[in-house]
Protein chains: 2
Amino acid sequence: MIPWVVLERLFLYYTYLESLPPEVEWVSSQMLGDALGISGDLVRKDMTYCTTKGKPRQGYPVGQLRDHLREMLKLDLPVNAVLVGAGRLGSALANYPGFRRHNMHILAAFDVDPAKVGTHVGDVPVLPITELESFVTRNDVCCGIITVPASSAQEVADMLVRSGVRSIWNFAPVSLRVPHHVVVRNENIIEGFILLRIQALEQ
Amino acid sequence: MIPWVVLERLFLYYTYLESLPPEVEWVSSQMLGDALGISGDLVRKDMTYCTTKGKPRQGYPVGQLRDHLREMLKLDLPVNAVLVGAGRLGSALANYPGFRRHNMHILAAFDVDPAKVGTHVGDVPVLPITELESFVTRNDVCCGIITVPASSAQEVADMLVRSGVRSIWNFAPVSLRVPHHVVVRNENIIEGFILLRIQALEQ
DNA sequence: TAGATTGTTAATCGATTAACAATC
DNA sequence: TAGATTGTTAATCGATTAACAATC
């Protein structure tokens with residue numbers, strides 16, 4: 001119901017509020033916006049999605065707003081995920097401290113390489129890809145993270161869909177085809193770079 | 001001049017055209033769109049930014065369009081970059097094969113940790129952070145990639161700006177403040193996850 | 001009180017979709 | 001020719017910005 005663009009900004013607000021020292025009790029739309037490169041107008045508009053109300057001349061109550069955003073973004077709800085592809089990127093993600101802090105639990109990584117099976121990436125065990133589907137089904141995994149090469153990404157996505165995940169986070173540089181009930185987010189690494197270089201070269 | 005959203009899609013088109021077998025000589029807007037989850041209408045609209053023209057009943061000439069997109073996106077122009085932060089994510093990026101394929105050269109990585117200095121991530125040498133500014137100035141580096149923790153990201157960004165990079169690709173979960181002439185792309189890893197979990201949980 | 005800041009409505013802007021004549 | 005597909009214009013949609021009355 002809340003548009004994605006708004007959700008993204010709500011999460012930015014949340015992160016910023018978390019970073020404030022505890023003695024800061026009020027924050028104005030202007031302050032919030034300036035810190036994040038967003039106009040104060042837009043911040044106030046976004047706030048209409050929150051039940052937390054501001055006060056003229058004071059702004060918004062930091063603690064209350066932060067807690068409310070935390071609830072809206074469901075940050076307290078634990079979510080189980082698996083990683084497919086235990087290469088360097090997979091390993092980096094498995095160890096990303098932000099995940100645990102936000103109640104995101106990567107239960108296992110899967111790989112085709114027999115040399116990797118049985119090892120760990122961080123403290124995440126690497127299992128054979130053949131066990132992916134039964135593992136997902138048994139462990140209430142709702143999110144699959146794809147960090148395999150582009151050539152096998154679709155195949156992995158199909159396996160994840162079959163095993164019942166509701167969302168896929170794709171780091172392979174391809175567009176995945178999945179049924180409507182599965183949400184996909186493409187994180188096309190190279191694309192960011194291309195855009196940056198174009199911008200930088202044009203100046 | 002071409003809007004970012006369009007540039008992103010042009011790159012998707014390019015990637016798709018590259019993946020086609022050589023015997024495919026023509027591609028219609030419908031085909032292109034279907035493969036990428038984009039409407040044919042929008043594909044044709046995007047094509048108005050290209051000088052390559054399509055033909056009624058045939059579509060667009062694959063080879064010509066691909067070459068033209070390659071030129072528009074300046075994929076042949078080599079670009080030098082440096083990596084700041086030689087942790088797991090930095091290491092994953094240093095070894096990402098797509099960069100070299102797209103003429104993106106990561107010349108060096110920088111880190112504060114003396115244990116890392118002198119080693120390599122992939123075939124990229126790790127240098128002390130104190131040498132960052134002089135290295136960037138001497139080697140015509142136009143892009144800095146930040147993979148340090150959030151707490152030191154702004155400091156690193158300031159160093160990069162001082163040394164004259166024109167673009168910054170930021171993987172730390174903070175909003176960076178930089179002058180107008182520097183382009184920043186934030187790749188806030190955790191944000192993608194948060195959005196996915198909300199979508200998946202709401203269904 | 002005066003002034004800062006909210007909450008909300010109206011105006012603007014830009015991107016996508018729809019429609020359709022032109023064309024091979 | 002008939003039909004598929006382009007290129008382009010108009011309509012729609014949604015997001016951001018501007019404006020301003022309400023309020024503490």
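Lettering of chains follows the sequences in order, A, B, ..., and the numbering in each one begins at 1.
On the nucleic acid side, DNA chain C has its first and last nucleotide under 4.0 Å of a heavy atom of chain A at C:dG3 to C:dA10, going 5' to 3'.
B:Ile146 is listed as a side-chain neighbour of B:Leu160, based on a closest heavy-atom distance under 4.5 Å. B:Asn103 places a side-chain heavy atom less than 4.5 Å from the side chain of B:His105.
When each of B:Asn186, B:Val161, B:Val183 is tested with B:Ile168 by the rule side-chain contact (heavy atoms from CB on, under 4.5 Å), just one qualifies, namely B:Val161.
Within a 6.0 Å sphere centred on CD of A:Glu155, other residues, nucleotides and ligands contribute 12 heavy atoms or fewer. Atom CD of A:Glu25 sits in a sparse spot, with 12 or fewer heavy atoms from other residues, nucleotides or ligands closer than 6.0 Å. Within 6.0 Å of atom NZ in A:Lys55, 12 or fewer heavy atoms from other residues, nucleotides or ligands are found, so the atom counts as exposed in its surroundings.
Listed in residue order, the members of residues 29-61 of chain A having a heavy atom less than 4.0 Å from DNA chain D are A:Ser39, A:Asp41, A:Leu42, A:Arg44, A:Lys45, A:Pro56, A:Arg57. If you check residues 3-22 of chain A against DNA chain D, the residues with a heavy atom closer than 4.0 Å are A:Pro3, A:Val5, A:Arg9, listed by number.
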Quiz item: Starting at the 5' end of DNA chain C, what dot-bracket string do you get if Watson-Crick and G-U pairs under 3.5 Å are bracketed, crossing pairs use [ ], other-strand pairs use | and unpaired bases use dots?
Solution: ..||||||||||||||||||||||
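Counting only residues at least two apart or on different chains, the ring pair (Phe, Tyr, Trp, His ring centres under 6.0 Å) pairs with a member in residues 10-31 of chain A are A:Phe11-A:His102.
In this structure, A:Leu93 and A:Ile145 approach most closely via the heavy-atom pair CD1-CG2, 4.0 Å. Annotation for B:Ala150 and B:Ala172: closest pair CA-CB, 4.1 Å, computed over non-hydrogen atoms. Across all their heavy atoms, B:Val121 and B:Ser91 have their closest contact at CG1-CB, 4.0 Å.
B:Arg185 meets the side chain to side chain donor-acceptor pair (under 3.5 Å) test with B:Glu187; sequence neighbours excluded.
In this structure, B:Gln154 contributes its side chain and B:Arg177 its backbone to a donor-acceptor pair below 3.5 Å.
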